[in-house]
Amino acid sequence: MKIVTWNVNSVRARLPHVENFLKDQQPDVLLLQELKCEDHAFPGSLGDFGYNCAVYGQKTYNGVAILSKHPIEDVQKGIPNFEDAPARYIEAFTGGVRVASVYVPNGQTITSAAYGYKLNFLEALCAHMQYLLALDEHIVIAGDYNIAPTDEDVYDPVAWKNEVLCTPAERESFRKILYAGYTDALAQKTGSTPYTWWDYRKGSFAKDSGLRIDHLLLSPRASDSLVNSTVHRYVRGLEKASDHAPVEVSLKI
DNA sequence: ATGGTTGCAGCGCAA
């Protein structure tokens with residue numbers, strides 16, 4: 001069972017890349033973030049590739065979706081018990097796994113209202129993820145968390161010290177989710193750099209100036225079935241690429 | 001060099 005998360009930075013602008021990715025990689029489930037379109041504008045062609053689609057769209061900003069080769073059931077849009085107008089969370093049960101596609105707010109700057117909102121969002125997300133653990137299912141909550149969990153996940157930790165994406169409060173929020181019982185599937189990967197996002201500016205990808213901010217968090221049951229995880233870096237190197245690469249886990253289910 | 005790039009929308013904002 002292959003599950004992939006990918007912030008596409010506009011699904012319409014990225015349509016050829018998404019189609020090619022589905023054809024080439026054949027994931028069972030593809031979790032998308034930053035659709036930047038409403039439900040009616042979501043490309044219907046993706047269904048033609050053999051995927052069912054659950055879409056929570058929004059005009060211009062945000063938007064998340066679940067694509068699956070398996071039937072999609074029990075769809076939940078938005079984090080329960082969290083008043084949150086932007087389309088940043090969608091959850092469903094598919095192929096024996098409960099999955100969610102989450103787009104955590106960026107946070108802009110530490111002094112902005114957006115930063116406080118980000119921390120509130122993370123608190124609500126953590127509470128809901130804790131609730132889900134009681135179901136004792138295979139669960140994969142994946143997406144753009146907009147947090148680099150440790151200095152190991154940053155190309156220049158000194159330059160990024162206390163910058164948004166790397167602040168102690170954000171990292172504490174992330175650790176709370178792990179302490180609740182989730183496993184960061186990519187955390188123990190060694191070898192090449194683990195980055196998932198490279199800024200469009202300053203030739204960041206060519207210099208591998210990246211951060212690891214896209215994560216797949218696994219419930220204990222899902223973690224026990226984890227076979228492999230990988231970042232599809234080549235996708236970031238394509239013409240007209242998203243600034244995020246797809247990130248994959250394979251589970252033995 | 002307080003910059004740089006992208007997407008949406010149609011100007012500045014968010015990232």
Side-chain angles (χ1 to χ4, degrees), chain A residues 5-21 31-46 55-65 78 84-90 101-122 125 142-149 153-156 158-167 169-171 173-174 195-215 231-247:
Chain A
T5 180
W6 187 11
N7 179 325
V8 288
N9 185 18
S10 170
V11 68
R12 289 178 293 179
R14 222 62 61 204
L15 187 56
H17 286 349
V18 177
E19 291 177 343
N20 286 333
F21 187 84
L31 305 166
L32 298 175
Q33 301 90 40
E34 278 211 85
L35 305 178
K36 292 187 171 181
C37 70
E38 295 176 282
D39 291 14
H40 66 80
F42 187 83
S45 67
L46 296 176
V55 180
Y56 185 22
Q58 184 185 327
K59 188 180 169 73
T60 310
Y61 303 115
N62 310 311
V64 287
D84 182 35
R88 294 181 173 275
Y89 182 92
I90 186 169
S101 177
V102 58
Y103 177 42
V104 174
N106 171 282
Q108 296 181 350
T109 58
I110 295 177
T111 52
S112 69
Y115 181 73
Y117 171 63
K118 179 180 192 173
L119 297 179
N120 290 340
F121 182 97
L122 286 164
L125 178 64
D144 178 1
Y145 281 76
N146 267 316
I147 300 172
D153 304 307
V154 183
Y155 69 97
D156 186 348
V158 174
W160 279 83
K161 187 174 171 61
N162 294 325
E163 294 291 329
V164 168
L165 309 188
C166 300
T167 65
E170 291 163 272
R171 287 176 167 176
S173 297
F174 191 78
Y195 310 140
T196 65
W197 170 81
W198 298 259
D199 199 301
Y200 280 126
R201 297 166 288 189
K202 303 185 216 174
S204 297
F205 185 62
K207 293 186 288 192
D208 197 24
S209 298
L211 275 69
R212 188 174 73 94
I213 59 175
D214 299 88
H215 309 295
V231 180
H232 291 285
R233 288 176 69 105
Y234 77 93
V235 176
R236 180 61 179 85
L238 300 172
E239 280 297 313
K240 292 273 288 175
S242 167
D243 43 354
H244 296 253
V247 188

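Proteins come first, then strands; the chains are lettered A, B, ... in the order of their sequence lines, and each starts at number 1.
At the heavy-atom level, A:Arg88 lies under 4.0 Å from the strands shown only through sugar-phosphate atoms. A:Phe205 comes within 4.0 angstrom of nothing in the nucleic acid, heavy atoms only.
When each of A:Asn106 and A:Thr60 is assigned the nucleotide of DNA chain B with its nearest heavy atom, A:Thr60 is the one assigned upstream, toward the 5' end.
A donor-acceptor pair is defined here as one N or O able to donate and one able to accept, closer than 3.5 Å; no such pair exists between the side chain of A:Arg14 and the backbone of A:Glu19.
Close to B:dA15, at under 4.0 Å from its OP1 or OP2, lies no side-chain N or O of A:Lys36. Distances shown here put a side-chain N or O of A:Ser10 below 4.0 Å from the OP1 or OP2 atom of B:dC8.
A:Asn9 pairs in a side chain to side chain donor-acceptor pair (under 3.5 Å) with only one of the listed residues (A:His244, A:Gln33, A:Lys36), which is A:Lys36. Checked options A:Arg212, A:His215, A:Arg171; the residue passing with A:Asp153 is A:Arg212 (criterion: side chain to side chain donor-acceptor pair (under 3.5 Å)).
With ring centers used as reference points, A:Tyr145 lies under 6.0 Å from A:Phe174. In this structure, A:Trp198 has its ring center no closer than 6.0 Å to that of A:Tyr155.
Counting to the nearest Å, the P atom of B:dA15 and the OH atom of A:Tyr145 are 18 Å from each other. For A:Lys240 and B:dG7, the NZ to C1' distance is 8 Å, given to the nearest whole Å. In this entry the distance linking CG of A:Leu35 with P of B:dG7 reads 15 Å, nearest Å. Distance CG (A:Asn62) to P (B:dG7): 17 Å, rounded to an integer number of Å. Counting to the nearest Å, the P atom of B:dT6 and the CG atom of A:Asn9 are 10 Å from each other. As rounded to whole Å, 17 Å separates atom P of B:dA14 from atom CG of A:Asp243. In this structure, OH of A:Tyr103 is placed 11 Å from P of B:dA14, rounded to the nearest angstrom. The distance between atom CH2 of A:Trp198 and atom P of B:dA15, rounded to the nearest whole Å, is 20 Å.
Taking atom C1' on both nucleotides, B:dG12 is separated from B:dA1 by 23 Å, rounded to a whole Å.
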Are any protein N/O atoms closer than 3.5 Å to N/O atoms in nucleotides 2-5 of chain B? If there are, list each pair with its distance.
from	atom 1	to	atom 2	distance (Å)
B:dG4	N2	A:Lys202	NZ	3.0

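Between A:Phe21 and A:His232, the ring planes are perpendicular. Angles over 60° get that label, and only those under 30° would be called parallel.
A:Val64 has its side chain out of reach of A:Tyr89: every pair of non-hydrogen atoms, C-beta onward, lies at least 4.5 Å apart.
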